[in-house]
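Just so it is clear: chains get the letters A, B, ... in the order the sequence lines come, proteins before strands, and each one is counted from 1.
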Number of protein chains: 2
Amino acid sequence: MATDAPSTPVARQISLRTVIQALLDEGPISRAQIAKITGLSKQTISEVVRELEDDGWLRERGRTQGVLGRSAVTYEINNRAAFVLGMDLGGTKLRMAVADLAGAVLAEEEVPTDLRGGLHVVEQIAALARRLAARAGVPAAGLRFGVMGTPGVVDPESGAIHVAPNIPGVDRIDVAGALRERLGITIAIENDVNLAVKGEQWQGHGAGAGTFAFIALGTGIGMGIVADGKLLRGARGAAGEIAYLPIGGDPYDPRGFMLGTLETAVGSKGIADRYRDYGGTAGTTVREIFTALEAGDAIAAVTIDETARLIAPALIAVQALIDPEVIVLGGSIGVRTELFERIRHHLARCGHVPPRLAISRIGNRAALIGAIGAALTDLHNSLFGLDVKPGDLSLPTVGGADGDP
Amino acid sequence: MATDAPSTPVARQISLRTVIQALLDEGPISRAQIAKITGLSKQTISEVVRELEDDGWLRERGRTQGVLGRSAVTYEINNRAAFVLGMDLGGTKLRMAVADLAGAVLAEEEVPTDLRGGLHVVEQIAALARRLAARAGVPAAGLRFGVMGTPGVVDPESGAIHVAPNIPGVDRIDVAGALRERLGITIAIENDVNLAVKGEQWQGHGAGAGTFAFIALGTGIGMGIVADGKLLRGARGAAGEIAYLPIGGDPYDPRGFMLGTLETAVGSKGIADRYRDYGGTAGTTVREIFTALEAGDAIAAVTIDETARLIAPALIAVQALIDPEVIVLGGSIGVRTELFERIRHHLARCGHVPPRLAISRIGNRAALIGAIGAALTDLHNSLFGLDVKPGDLSLPTVGGADGDP
DNA sequence: CTATCTTTGTAAAGCTCCCTGACGAATGCA
DNA sequence: TGCATTCGTCAGGGAGCTTTACAAAGATAG
């Protein structure tokens, strides 16, 4: 429960945090303005700002002018005080970006994933990271944190990748540890859909929403949920496993057990199967079906419409259980406007108030942006976070119940 | 964002909180033990304990003995330092209890709700509260907080009851304000299902679970979700509206629009309709159908089995989206073991790993217990809470995205 | 029964961090 | 040029925590 750290630094730490937060929120401002915003005294602000400036986190920006009274020196966050690495490791592509403390991307690259897998991938990641850091002009000790997204199940504590579809061998080695060793920085690994959600929360349609959902429609179907600003993981990290929603087919049909009832119906394989069942001949991939749809293929149109008709209830289910402010659709299939409009149409037929829908604005970079955001959050918290994080007081233990954790 | 309160008291406030928390967690302990647990110095602990004892929150309990060294005075929370009121206002019954600071119920009573509604109900509540306080021997200024659960939609900020089924007129008056006036304490009003969830979290099957769901099956069907220890409300406070889950019927069938597809199928009316459709003659209420089932009525058995067959996929949906540690069933229908066993059976047929299920342990007192818990949490936080509640630092605004709130 | 060891709790001194009030410095306006 | 206004620093003081020292109280060994 309680911390055993001495509580001396806690007051100053709160002040540091408060000042940083004010600068993040309000942009370049003077010390006097910070004092007004934070309620701390001018004296204290001067001390804190000097401390932060000495350590390189802040820098002078300019001076105020035009207003009555003496002009003031304004300060801003020193964007180049630290850098982070965002990564998105997919089965076919490896995306990576170096960003500064303000989240601005300084260098970004996308390369095909080394299909030999295992340590080859690790080496590829490390080499790319070094190349990007050099290109962005990041000094040797400048990189502080990295976050990598990857499909499959990731242990949130250790970062071990338990199931890694499409990338051979990475579930047998400690990727995070190997990268930490090669790059000299802490690397956290996170599920890519979860990071995409964080990306949407930061720079996409989820910005400003306390609660929203992001659904990735592609080969498979996955969902990430942000509730009250925080990622919802569930008891076993399996929250958002929308593929297993008993919608779009008979939940008691064993054919849906493997991939999940919903994914069997509306995953890319389900769509292709449906197109073929209906007698379509234009191709076997979803991309080809969409191309046929554009060319006026009636069977493709029916296929996509039927897919939308099956997806709409799934969105109703999400709305009923989570009540998100908006549901953002992403993934290679989810961003197609043809499908989107058909889903909209069917949603309106379900009665009640349909959920607000949006197509991902940041598209296939969502996980990368989320990785950068996650790394920045980690960085901020490690620099200016509090050791003491007081939550609600736990209720006393009563009767036969177990105590709160 | 930042506070404008002076930060002087924050250090002592953290210390006060830490000591209280240690006493809540570890029961009666000596000052020296508190010092060890919290990491604060013995000196500071002595000061803090003296302060708390002077204000009546702590009291001496006894002395340690039998161990090496000087014996120590042990302290404990003074249970009788403050009292709270828990209330559960239903369409037919009004339940109320007075509890002490440790959550022990000192007086409890259940009366029929005054069916005249409106101010009559307010007067009834106030009178019952005074009677219970007197019976529990609570001094005049002893009651500090009250929380009341009620069905329908409650504005989380103002406590205004927007929709109050079965109780005429309470949606047109400021119940919380009227009670505050009559009882002289702060009264918060909360949705009863949400409170039932809190009750399960505190003293029921949710104890110790970070994420779980509570489903109330009765006249209607409702759900409350606790995610990472916190109640999930959703963007419009409509999270957990499981009645609208598009399961158990055709989601495009307008007959399900009013009550919701799932509730139309498995609400008490849906069950009764099904029994009649199958040719059942034993009665028209669910209670009568269950009685017939016990008497060996085959049609009742089929009705209940079919109901369970429809409910199981809804639970699968909850598991897929939320991944709860356990799903607790409550409400007059949800606690019936006959139904529970049938649901279990059908869940096992859905493939995948079925969610862990449990029947509510605290039954129809769940909302009342949750109200007591909520009132205690409010009380603790008002007494020993921090003004500053630092969350994660917000990410900087980048590109065209809006800033974080 | 006494000496010793351990633990508890208090006292005094010092440090960190914050605030207040005063004051010089800088700036716009009349 | 003088004045009002705002910025930023200096000096003084208070709150709260820690450390060191020490007295008090109890257990144990001989």
Side-chain angles (χ1 to χ4, degrees), chain A residues 2-20 22 26 28-54 58 60-75 384 386-388 390, chain B residues 2-20 22 26 28-54 58 60-75 384 386-388 390:
Chain A
T3 166
D4 50 3
S7 53
T8 321
V10 74
R12 178 47 63 96
Q13 209 153 8
I14 292 175
S15 300
L16 285 170
R17 251 186 83 102
T18 311
V19 169
I20 291 285
E26 309 289 332
I29 45 178
S30 71
R31 279 170 290 182
Q33 285 171 296
I34 299 175
K36 271 179 205 140
I37 292 171
T38 61
L40 294 165
S41 69
K42 287 193 294 179
Q43 178 67 358
T44 302
I45 297 299
S46 281
E47 282 172 31
V48 169
V49 164
R50 178 161 34 248
E51 196 175 323
L52 286 169
E53 195 181 8
D54 287 348
L58 259 49
E60 287 190 20
R61 161 65 175 251
R63 303 185 73 84
T64 61
Q65 49 181 352
V67 292
L68 198 60
R70 174 175 166 181
S71 75
V73 179
T74 58
Y75 290 82
F384 312 114
L386 294 175
D387 301 330
V388 189
Chain B
T3 167
D4 52 3
S7 53
T8 321
V10 74
R12 177 48 62 99
Q13 209 152 10
I14 292 176
S15 300
L16 285 170
R17 250 186 83 100
T18 312
V19 170
I20 291 285
E26 309 289 332
I29 45 178
S30 72
R31 279 169 289 182
Q33 283 171 296
I34 298 175
K36 271 179 205 140
I37 292 171
T38 62
L40 293 165
S41 68
K42 286 193 296 177
Q43 178 70 344
T44 301
I45 297 299
S46 280
E47 282 173 30
V48 169
V49 165
R50 181 163 27 250
E51 198 174 323
L52 286 169
E53 196 180 6
D54 286 349
L58 258 51
E60 286 191 22
R61 161 68 174 248
R63 305 183 72 84
T64 61
Q65 49 181 352
V67 291
L68 201 60
R70 171 176 166 179
S71 75
V73 178
T74 57
Y75 290 82
F384 313 113
L386 294 174
D387 300 330
V388 191

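For A:T44 and C:dC17, the shortest distance from a side-chain N or O to OP1 or OP2 is not below 4.0 Å. The phosphate of D:dG16 has neither OP1 nor OP2 within less than 4.0 Å of any side-chain N or O from B:S15. A close approach under 4.0 Å does not occur between any side-chain nitrogen or oxygen of A:T64 and OP1 or OP2 of D:dT6.
Here A:E47 pairs with A:R12 under the salt bridge (Lys or Arg N to Asp or Glu O under 4.0 Å) rule; sequence neighbours left out. With sequence neighbours excluded, the residues that form a side-chain contact (heavy atoms from CB on, under 4.5 Å) with B:A32 are B:S30. Partners of B:S46 under the side-chain hydrogen bond (donor to acceptor under 3.5 Å, both in side chains) rule, at least two apart in sequence or in another chain, do not exist in this structure. Listed by chain and residue number, B:S41 satisfy the side-chain hydrogen bond (donor to acceptor under 3.5 Å, both in side chains) test with B:T44 (two or more places apart in sequence, or in another chain).
Between A:V67 and A:I45, the one whose closest nucleotide on DNA chain C sits nearer the 5' end is A:I45.
Within the structure, side-chain hydrogen bond (donor to acceptor under 3.5 Å, both in side chains) contacts touching residues 60-69 of chain B (residues at least two apart or in different chains) are B:R61-B:E76, B:R63-B:S71.
Atoms CD (A:E53) and C1' (D:dG8) sit 14 Å apart, rounded to a whole Å. Look at CD1 on A:I34: it is 13 Å from C1' on D:dC7, rounded to the nearest Å. One interatomic measurement links the two molecules: CD of A:Q65 to C1' of D:dC7, which rounds to 15 Å at whole-angstrom precision. Distance, A:E51 CD to C:dC17 P: 7 Å, rounded to whole Å. In this structure, A:I29 atom CD1 and D:dG8 atom P are separated by 11 Å, rounded to whole Å. To the nearest angstrom, P of C:dT16 lies 12 Å from CD of A:E47. The interatomic distance linking A:R12 (CZ) with C:dC18 (C1') rounds to 8 Å, in whole Å. Atom CD1 in A:I37 sits roughly 12 Å away from atom P in D:dC7 (whole-Å rounding).
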Going 5' to 3' along nucleotides 9-14 of chain C, which nucleotides have protein heavy atoms under 4.0 Å from the base (write B), which only from the sugar-phosphate (write S), and which from neither (write -)? BBBB--
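The side chain of B:L68 sits closest to C:dT6 out of D:dC17, C:dT6, C:dT20.
The structure places CD1 of B:I45 at 12.0 Å from NZ of B:K36, a figure rounded to the nearest 0.5 Å.
The minimum heavy-atom distance linking B:P28 with B:T74 is given by the pair C-CB, 4.4 Å.
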